[in-house]
Amino acid sequence: MSFINWASREINCKIVYYGPGLCGKTTNLQYIYKKTKPEAKGKMISLATETERTLFFDFLPLSLGDIRGFKTRFHLYTVPGQVFYDASRKLILKGVDGIVFVADSQEERIDANMESFENLKHNLIEQGYNLDQIPYVIQYNKRDLPNVVNTPELRRMLNQKNVPDFEAVASSGQGVFETLKAIAKQVLVELKKGK
Amino acid sequence: MAGPQMIMFDQEFKQISAIIERLNHEANAKVCYLVDKNGQLIASAGETAGIDSTSLASLTAGNIAATSGLAKLLGENEFSIVFHEGQRDNIHISLVGQRVILVVIFDSRTSLGLVRLKVRKISNELADIFNSLAQKAQSSGSQKTPFEEITDQDIDKLFSD
């Protein structure tokens with residue numbers, strides 16, 4: 001649910017990075033934070049365990065510039081990927097405007113990807129959304145690892161709707177901004193349509 | 001999308017800002033914030049300098065979301081107030097009309113009792129404004145949003161590094 005403020009001429013949108021545990025959601029945000037000019041970003045918050053696993057969420061506010069005199073702000077969130085944090089994931093999906101599904105390309109994580117994708121659909125429905133109606137993109141992360149499944153195969157499993165999808169290596173930044181731009185653009189196009 | 005967008009208009013923004021300014025003054029608080037349930041800052045009053053309000057808004061919304069998750073686990077409809085006591089500053093967080101979150105940060109210059117009293121008094125006023133805002137946003141659904149006229153070029157321009 002975007003927030004349009006006519007008084008301060010701002011528009012705020014919420015983007016959630018979703019995906020199985022250790023797929024690289026936090027790494028995406030860390031890279032965006034590292035590479036964004038100081039004036040365009042706020043502080044990045046990570047509510048994580050002592051072992052740096054996301055416990056509740058990561059949060060990064062980004063300012064993209066003006067459209068027709070309105071400041072466009074994107075609030076990026078990640079969810080905790082581990083299966084047992086489902087209650088927290090549901091909370092973070094509230095008010096979402098766009099979703100990045102980060103898949104782990106490694107062969108042994110295929111089941112985890114599928115499970116997480118089904119979990120996303122299920123949790124969206126619980127919050128009154130539908131993945132068919134909400135902007136989303138898919139990122140196939142960790143393409144630099146030796147045991148990855150090829151992209152057409154991943155696409156067949158996860159991207160039957162043929163939404164924009166990207167290969168990535170979030171740790172080095174490959175594909176990170178392409179993914180972000182694609183989802184931000186989709187969210188703005190959706191706003192243009194007027195809900 | 002689930003639920004309509006929140007749209008804030010000039011007139012209501014002024015009313016809301018005036019109300020929380022008054023709350024800040026009457027409760028003798030340091031700073032007051034109004035945040036929407038999704039973590040976006042709506043308005044603030046008081047000594048806001050030196051506080052990262054964007055982070056505060058997001059964490060407050062997370063806090064309220066987790067608290068309401070706990071309430072549902074216990075079969076409660078909502079825990080409408082959260083209070084944290086610090087060595088120097090305290091934070092009083094309350095839900096207003098199930099829509100927005102009112103955050104009051106205060107120190108020893110006032111008391112929890114006074115803050116609670118003033119928050120309760122002012123919550124109804126705020127709830128009324130947000131109810132009428134929601135109606136206004138719905139009835140203006142057919143009117144133009146600022147984004148109807150944007151072009152693909154406008155959007156592309158945002159991303160030209």
Side-chain angles (χ1 to χ4, degrees), chain A residues 1-14 42-45 47 56-57 59-61 63-70 72-73 75 77 87-88 90-97 124 127-130 133-135 177 180-182 184-195, chain B residues 1-17 35-43 52-59 61-70 72-73 100 137 140-161:
Chain A
M1 188 178 74
S2 55
F3 173 31
I4 301 174
N5 191 336
W6 283 88
S8 56
R9 300 196 83 73
E10 278 177 13
I11 175 124
N12 291 288
C13 303
K14 177 173 179 177
K43 203 171 148 195
M44 178 163 166
I45 291 174
L47 303 180
F56 194 3
F57 59 79
F59 167 69
L60 174 61
S63 207
L64 277 188
D66 286 19
I67 290 190
R68 304 265 163 141
F70 272 75
T72 50
R73 296 227 168 96
H75 288 179
Y77 285 83
S88 304
K90 288 178 192 172
L91 298 178
I92 293 153
L93 282 176
K94 282 185 183 168
V96 65
D97 293 302
L124 279 172
Q127 304 292 334
Y129 299 94
N130 185 337
Q133 288 159 4
I134 199 163
F177 275 96
L180 173 64
K181 282 176 190 180
K185 201 168 166 176
Q186 277 205 38
V187 167
L188 291 172
V189 168
E190 196 66 22
L191 273 176
K192 185 183 161 183
K193 281 192 234 162
K195 283 181 263 183
Chain B
M1 280 194 216
Q5 294 171 337
M6 183 186 282
I7 301 178
M8 176 65 67
F9 300 98
D10 266 325
Q11 186 193 348
E12 284 78 5
F13 184 72
K14 282 185 188 135
Q15 289 173 346
I16 287 165
S17 298
V35 176
D36 95 332
K37 273 178 121 179
N38 302 320
Q40 285 154 358
L41 183 69
I42 298 170
D52 177 353
S53 53
T54 311
S55 298
L56 182 130
S58 152
L59 287 172
N63 193 332
I64 279 286
T67 306
S68 98
L70 278 174
K72 292 206 171 70
L73 273 183
V100 289
S140 70
S142 53
Q143 285 175 16
K144 281 188 175 174
T145 74
F147 281 79
E148 261 169 43
E149 290 175 7
I150 59 169
T151 61
D152 287 350
Q153 271 178 324
D154 286 332
I155 296 174
D156 282 335
K157 230 187 283 172
L158 277 184
F159 297 106
S160 53
D161 299 324

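Here is the naming used below: chain letters follow the sequence lines, and residue numbers restart at 1 for every chain.
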Check each atom of Leu41(B) against the heavy atoms of chain A and say whether the ones under 4.5 Å are side chain, backbone, both or neither.
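Contact with chain A: backbone only.
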Engaged part of Ile42(B) at the chain A interface, taking heavy atoms whose separation is under 4.5 Å: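 Both backbone and side chain.
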Calculate, to the nearest 0.5 Å, the distance between atoms [atom1] and [atom2] belonging to [X] and [Y] respectively.
{"X": "Thr54(B)", "Y": "Arg73(A)", "atom1": "OG1", "atom2": "CZ", "value": "6.5 Å"}
{"X": "Leu91(A)", "Y": "Asn63(B)", "atom1": "CG", "atom2": "CG", "value": "11.0 Å"}
{"X": "Met8(B)", "Y": "Glu10(A)", "atom1": "CE", "atom2": "CD", "value": "11.5 Å"}
{"X": "Asp36(B)", "Y": "Phe3(A)", "atom1": "CG", "atom2": "CZ", "value": "6.5 Å"}

Review point. Who among Lys43(A), Lys94(A), Lys185(A) has the most heavy-atom pairs with chain B under 4.5 Å?
Key: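 Sorted descending by pairs with chain B, the first entry is Lys185(A).
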Restricting to non-hydrogen atoms, name the atom on [X] and the atom on [Y] that form the minimum distance, rounded to 0.1 Å.
{"X": "Ser58(B)", "Y": "Phe57(A)", "result": "OG-CE1, 3.7 Å"}
{"X": "Phe13(B)", "Y": "Asn5(A)", "result": "CE1-ND2, 4.2 Å"}
{"X": "Lys14(A)", "Y": "Gln40(B)", "result": "N-NE2, 4.4 Å"}

Does any heavy atom of chain B fall under 4.5 Å from the side chain of [X], the backbone, both, or neither of them?
{"X": "Thr72(A)", "result": "side chain"}
{"X": "Phe177(A)", "result": "neither"}
{"X": "Asn130(A)", "result": "neither"}

Residues two or more places apart in sequence or in another chain: which of them pass ring pair (Phe, Tyr, Trp, His ring centres under 6.0 Å) with Phe56(A)?
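Checked Phe56(A) against ring pair (Phe, Tyr, Trp, His ring centres under 6.0 Å); zero matches.
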For Ile45(A), side chain to side chain contact (heavy atoms under 4.5 Å, CB included) partners two or more places apart:
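Expected list: Leu47(A), Phe59(A), Ser55(B), Leu59(B).
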Report the option among Gly69(B), Ala65(B), Ser68(B), Ala66(B) that has the most heavy-atom pairs separated by less than 4.5 Å from atoms of chain A.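 Of the candidates given, the most pairs with chain A belong to Ala65(B).
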